[in-house]
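Structure first, then comments.
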Amino acid sequence: MPPEFTKISQGTVYDPAHGIDGQVRDLWIADGKIIAAPGDPKVKPNRVIDATGLVVMPGGIDMHCHIAGPKVNAARKLCPEDKPPLPRTATTRSGTLGSVPSTFATGYKYAALGYTTAFDAAVPPLFARHAHEEFADTPCLDKGFYVLMGNNHYVMRSIQQNEPQKLKAFIAWLLSSTKGFAPKLVNPGGVEMWKQHASGNVHGLDQVVDRFGVTPRQIIGQVSAAANELQLPHPVHIHCNNLGVPGNWQTTLETMKALKGRRGHLTHIQFHSYGGGEGDENTFNSKVVPLAEYVNAHENVTIDVGQVLFGATTSMTGDGPLGYLLSKIYGKKWFSADVEMEAGCGVTPIQYKNKSLVHALQWAIGLEWYLLVEDPWQVVMSTDHPNGGSFLAYPQIIRLLMDRTYRRDVLKSCPALVSQRSTLADLDREYTLSEIAIITRAGPARILGLANKGHLGPGADADITIYTPHENKQAMFEMPRVVIKSGRVIVEQGEIRDPQFGRTLHVAPEYDREVEPDIRAWFEKNYSIRWRNYPVDAGYLQEAEVVGSWG
Ligand SMILES: [Zn+2]
């Protein structure tokens, strides 16, 4: 059978990976991929989508959100009051919305915003199977997850025993066994201290983790070195120590330095950019300027923001002590769990208020990050969904970045001190559509090492979003005209047409098999399940794609 051709005709195309900045172009699609325009004029498309006067971009990519796994489910159960129903339609299943939507609703809502790929940021390896099961119920998206390993006993023991080859093999084995995408460090060393002691944590990069004799600095340095040596597409994704604590900016700066020039990604950096004395609201202030200066001078470091939006949401984190801290601040419900030798977590409902100086500063600090990082390829849009706010707020963030009058109007509703303790009031920069395309699709694709995503050149996955231009950028990005996933129209004008299931993206790095007996001996001695039941079999994944190595 000859291939079916789709042509998107005469759209105003934004494809920053190829330097295309608002030029009128045709795009051709066959077999779910973008292809070069057929040279033969006799080849006619089977379907034409007229994009005259419309804006065409690659599908959006969320590189840091929480949409699958046990703590997401715990959050769904913890807050039944935050669950407006999503009724079924002829093409979609029913579900629930709120700050933590149900699986099907999550897929539909991302797609309706023009997003076609999303990565869950924190899955304990022991619950990888659960995360894959939820992915199998999350339509419209290609997806993957990062594997928690910053407090893994085997990781810390390999570092303590100075066995970098063993560490490297273990990381590769763990990613392969879980069908995960990248190593994730969450408060490295701190979660283990939380598990050992009442209110335990680490408070700096050089504090020693009890019983393992290693420091956060060693964990960051050695895991990032191993991950870079493995040439993983996304080497290491770091949630720094001391999240949310005034004065934590120095820990964040030290974490960047601990990478020693290796590729590394610091996530939800807004929560890690605070000046002021510990626990002291009177001195709380922004330290984005010195941190952004470091990022601007070091292209190995990339960040996503973790923007805070005003309103109610749910905090969920692999950072056990942080969950406890937040539950004390808000005095609401709290869920905490530890995962054997691997990880921990905390879940609690929270609320950001524009009249609170701290919350308004958090909002301003997030925006400073977007506006102070000079190279948009180093900064990615995120709310750390749902921690800073829902992914549904992305169009609002776009408006805040593209429209400084609107930004200043919102700033005026915040306490006046925000303008003294941050630089936001002085920042005139407005993002262009091309820069928005970078921080929401082209940039995350590059940082994740996804060669087939985030661009519109031949060979790219035909994941495409078509927007109707509008002066109000929030309105423009809230309701794409057409969303195409793998060459098929899945959304038209906000309505789900064809909720196809996407693929699970994972890595399968080579490793030294001789290390397996050592892992196995440790495993059988300590885990509650048997070694042979731990790895997730390839057949368990609905539809999968192995993403190859970097470079
Ligand atoms: Zn997160």
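Index from 1, following the sequence. Both ligands and their constituent atoms are indexed starting at 1 by order of listing.
- Among the heteroatoms counted here (N, O or S) of D384, OD1 is the one nearest to the Zn ion (ligand 1).
- Side-chain contact check for E192 and Q196: at least one donor-acceptor pair (N or O, by modelled atom type) lies under 3.5 Å.
- Look at H385 and the Zn ion (ligand 1): no N/O/S atom of the residue is under 2.8 Å from the metal.
- The Zn ion (ligand 1) lies at the vertex of an angle of 110° between the NE2 atom of H66 and the NE2 atom of H64 (rounded to 10°).
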So Q474 and E478, side-chain hydrogen bond (donor to acceptor under 3.5 Å, both in side chains) or not? Walk me through it. CA-CA 6 Å; Q474 182 171 344; E478 253 165 10; 3.1 Å; yes
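- L367 places none of its side-chain heavy atoms less than 4.5 Å from the side chain of L411.
- No hydrogens or angles considered: nothing links the side chains of T267 and H239 as a donor-acceptor pair under 3.5 Å.
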